[in-house]
Amino acid sequence: MVNACPAADPVFRINQGGYAAGLPVHIAVLKKGPVSLLDTAGRLSGIFDAVPVPDEASGDSVALINLGTLPEGNWLLHSGQAERAFTVSPHPWQKTCGALVKGLYYQRCGCALLPEHAGLYTHAACHTAPAIDWEDRSVRRAVTGGWHDAGDYGKYTGPGAVTAAHLLYAWKLFPDGCPDKLDLPETGNGLPDILNEARYELDWLLKMQRDDGAFHHKLAKAAFAPFIMPEDDKGQEYLMPVSSCATGAACACLALASRVYRPFLPSFANRLLLAALRAWAWLAAHPDFLPFRNPEGVRTGQYSDRSDRDERFWAACELFASTNEDRFRQAAETLYMEGHDLTQFGWASVAGFGAICCLFDMKEKAGETLCSALKQDFLAQSGQALAAARRSGYGTALSPDRYIWGSILPIMSGAMAMILNALITGRQDMRDAALDQWHYALGMNALDTCFITGIGEKPILHPHHRPSGADGIDAPVPGLISGGPNKAFPYPATREMLGDAVPPAKYFRDETPSADTNEIAIYWNSPAVFVSAYFNTF
Ligand SMILES: [Zn+2]
């Protein structure tokens, strides 16, 4: 067994992945008084006064200190007897961003992971048997491929579409910040590796479409597998019923992908766009919300949603951007006017992707409503993320009552919203507040924990992830981000262990059984790819 994570530092919380030479260095300090900063040669470079303030989410008293931009080198912080080292270098997070994309490679289903690409973390091809249609057991189809969704081996259309969209927009907005040469099986084929990895999911998404254009909600077994390797999970997989949310998200993602891949693979781009148009035709013919509920006897992930209006809005935006057909602009405008949270980039709430499409792809072409009005709406809503960050001692853009299952998602969504705001307005305060969310993920948090496996001095060691638990290798599969603290919906075992008094930002167990606080998921990796790709451009 891997040893438990070292105890939290009593004074300093830092980005354990280092800091960028071109960006301000923020640290969190839990002790009142002077903090000395020493350079590589041990010379005093500055003294900063830490004045901690109460942080409601963690119960800590914490001072968030801006050390300014620092030259490349090794640095040391001192406060009384406590000290902590950190490094500053150009583009320090390229490795982490690459690890997060490679983390998705390790989630690939339907193929063997070979040592030349996967290092120690190999396995034989998994889930290669034909799937059975749950509603018509006479139908058997080969639906291999895609990424295992999370700690389990299910594959879910909406979450997969959202994950690919994070990667595709990271590439569209920050091509220079995206990682490449990741030792994928496709590396060197002329496509950037971030697009190679996204394509693995897109190929699978295309297979999830039914003949009438709708998308199956998920491909999964009736029950979760035990903690075994994927190739040992031999139970029957089913194509579960279609849903309007899955169809809307897939439609949007495939339309977006058609623009991204067109310069590289025009015939693939055409396939993607045709699939998106068929999905839209189904959505238009089925205007009512068709939710998904697990059929009786099915206990795998449900990913139920309360509305499909945001998926339809996103799909209309992407189809207009891809076709220039006014019917899609009109549909997007009508759906936008219903009101959406444009700062959400998660599997349930996807209107933020529609906003990116309008603000950065269509721009003036979108017309007054989807350009100017939407922009004002977006700027106001993203301002709320900054306000939340300002209320937090650690600068974390999450109110104490929102430490939900997968709290890393709203935190990364907040970072995305503030990054987009900074791109539109040029505001450095937005950029720097977004940066604090990245610092949170890599250790500047109440737990002194890097939430990404294999990164930093104190990364999580026991994620809820079947291959990591079953492969016999001490260290977990690298490049996977944990959902993080969750006091809103903890397991009874977590509540029993932690009690009610532990504050939300510390409601976390780095233990394999704790899916409620320490599961990994593809759609938590992917917004972190977007965020780090942006900061790699500095
Ligand atoms: Zn598999």
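Whatever order the structure lists ligands and atoms in, that order sets their numbers, starting from 1. What you see is a predicted model, and the numbers here were worked out from it, not measured in a lab.
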Worksheet item: Hey, would you say the Y523 and F345 ring centroids sit under 6.0 Å apart?
Response: no
Fill in: Geometric class of the F313/H340 ring pair [parallel <30°, tilted 30-60°, perpendicular >60°]
parallel
Worksheet item: Any idea how H127 and Y153 line up, ring-wise: parallel (<30°), tilted (30 to 60°), or perpendicular (>60°)?
Response: tilted
Discussion item. Taking L290's backbone N and O only, do any of them form a donor-acceptor pair with S244's side chain (distance below 3.5 Å, no angle check)?
Written reply: yes
Worksheet item: Aromatic ring centroids of H216 and Y238 under 6.0 Å?
Response: no
Item to complete: Please report the number of protein N, O or S atoms that lie less than 2.8 Å from the Zn ion (ligand 1).
Response: 4
Worksheet entry | Pi-cation contact, W134 with R137 (under 6.0 Å, within 45°) | yes
